[in-house]
Protein chains: 2
Amino acid sequence: MTTTPQTPEPAPGGQAPRRARRADARRNEQALLDAAAAVFVTHGVDAPVRLVAAEAGVGMGTIYRHFPTRPELVVAVYRHQVEALAEAGPALLAEEADPGQALRRWAAGFVEFLVTKHGLAGVLGADEGAGALHRYFVERLAPVCDALLDAAVGPLESGRVPGVMLMRGIGNLSIGGRDGTGYDAARMADLLVSGVLARGSARDAEPGAEPG
Amino acid sequence: MTTTPQTPEPAPGGQAPRRARRADARRNEQALLDAAAAVFVTHGVDAPVRLVAAEAGVGMGTIYRHFPTRPELVVAVYRHQVEALAEAGPALLAEEADPGQALRRWAAGFVEFLVTKHGLAGVLGADEGAGALHRYFVERLAPVCDALLDAAVGPLESGRVPGVMLMRGIGNLSIGGRDGTGYDAARMADLLVSGVLARGSARDAEPGAEPG
DNA sequence: AATCGTACGGAGCGCTGTTCCGCTTAGACA
DNA sequence: TGTCTAAGCGGAACAGCGCTCCGTACGATT
């Protein structure tokens, strides 16, 4: 469970690879990712940064140079799982006759991912300030979700809900999906998708007014 | 905006009202409630406790004797609004021909309440540990929600979603409902209700399997 | 007026994420 | 192989959080 793939090495960003990174730097980054993955499993995604540093056997300075902010560490740890989710979208669309069913299954996978990583959903739903994580999830997954929605309920122009918004909704629904209470995030997400499927394109909206 | 109704005075809990509370105690509790209401408006529900204490002109000890934990203060501040929501349930059921529409409107009111009190939704969705708030919301509102669901999609026995769960779902959907992003909590909640209405009783479930 | 215990104030504790800076050492070059 | 430099490291320190503790003040009762 300790191996965390991560992009192999290069991709130096801009254009001129100034100089190769030092060996210990690369070693520490990997140690950090492994440690974080392990700690997140036992203590949840909200585990203190210090704990991850200790587990990896490095100092605070080191962890913050490699991952300038907590969410960025989280993103790095789960990057390959997000990738799998992104690739699952087109795949489901191809293998499933009913695109609505494809969307259903993709949503279920998204929930499963968020819910098993205890606390991840909360991080996703956090306000824009969190930055990196939110942005990465959205940029990588939103187009996939939009494609599924296009196939299932029609183009964005017809008034259907945007993919980002559905993702955010599912993310929110997944918060606390596996605490003792009987709350079933997967079921709620599926009901939300049902709603989207049922009145996907803009028709009779009339959301109602507040009572009190 | 400074008046916070709250139960007038008595309701001493158990059975024997040992002794009347001291005048300054009652005065401070009210000051605290007013201060909290004001601070929550300007700084959101996540405002530091110290800020509320300062605004009320009392010390930390005082605030924590009256409201042993942060969520309990929040509950007290919004208690009358919760009450209004509870009373709105039966009222909507009576005035609306279609019970589904009644449920829709009640849900809209719930979202409106959670979203305008910035950060309240997050507190509601917090894990069981939060205690008081979660419990109060559930105990007071869940029966109302269940009644609406009974009328709209049938009895619990037929396999429909429990009221508590729908409330929790709506609560989660309301998180971050009014930050800059285009996320529309009210719309998502309405879609969720649509899903509940559409496949309310247990029929073809098959939520789908995870892709990755 | 004297008493007594309820209620008060706020310093302080333990926890968090994050920053800062002096020291270490990998690795290029001679 | 020795030297030198800057990339990289460790961890003390900071600010901000919820919450506790305890000596002190004062409202109510006699």
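By convention in this document, chain letters (A, B, ...) are assigned in the order of the sequence lines, proteins followed by strands, and residues within each chain are numbered from 1.
- Every residue two or more places apart in sequence or in another chain was checked for a side chain to side chain donor-acceptor pair (under 3.5 Å) with A/T62, and none qualifies.
- Of the listed nucleotides (C/dT18, D/dG10, D/dA6), D/dA6 has the atom at the smallest distance from the side chain of A/R22.
- Rounded to whole Å, atom P of C/dC15 lies 13 Å from atom NE2 of A/H43.
- In this entry the distance linking CZ of B/R50 with P of C/dG9 reads 15 Å, nearest Å.
- Of the two residues near DNA chain C, B/G61 and A/R27, the one whose nearest nucleotide lies more 5' is B/G61.
- Comparing C/dC8, D/dC9, D/dG18 against the side chain of B/D24 picks out C/dC8 as the nearest.
- Atom pair A/H66:NE2 and D/dG8:P shows a separation of 8 Å (rounding to whole Å applied).
- The distance between atom CD of A/E72 and atom P of C/dG17, rounded to the nearest whole Å, is 15 Å.
- For A/V49, whose side chain is taken as the heavy atoms from C-beta onward, the closest listed nucleotide among D/dC9, C/dG9, C/dG17 is C/dG17.
- Counting only heavy atoms from C-beta outward, the side chains of A/F113 and A/V82 approach each other to under 4.5 Å.
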**Request:** Output, in order, the C-alpha distance, side-chain angles, deciding distance and verdict of salt bridge (charged side-chain N to carboxylate O under 4.0 Å, His left out) for A/D146 and A/R160.
**Result:** CA-CA 10 Å; A/D146 270 316; A/R160 58 143 243 248; 2.3 Å; yes
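- In this model, the phosphate group of D/dG10 is approached by a side-chain N or O of A/T62 to a distance below 4.0 Å at OP1 or OP2.
- Looking at the side chain of B/T69, the nearest of the listed nucleotides D/dG8, D/dC19, C/dC8 is D/dC19.
- Distances were taken from every side-chain heavy atom of B/M60 (C-beta onward) to each of C/dG17, D/dC19, C/dT25; the shortest belongs to D/dC19.
- The side chain of A/Y64 sits closest to C/dT19 out of C/dT19, D/dA28, C/dC8.
- The side chain of B/N28 places no N or O atom within less than 4.0 Å of a non-bridging phosphate oxygen (OP1 or OP2) of C/dA7.
- Contact of the B/V49 side chain with the B/F67 side chain is not registered, since no non-hydrogen atoms from C-beta on lie closer than 4.5 Å.
- Separating the CD1 atom of B/I63 from the P atom of D/dT20 is a distance of 13 Å, rounded to the nearest angstrom.
- To the nearest angstrom, C1' of C/dT25 lies 17 Å from CZ of A/R21.
- Rounded to an integer number of Å, the gap from CZ of A/R65 to P of D/dG10 is 9 Å.
- When the P atom of D/dG16 is taken as reference, atom CG of B/D46 falls 17 Å away, rounded to whole Å.
- The two residues B/L32 and B/V52 have their closest heavy-atom pair at O-CG1, 4.1 Å.
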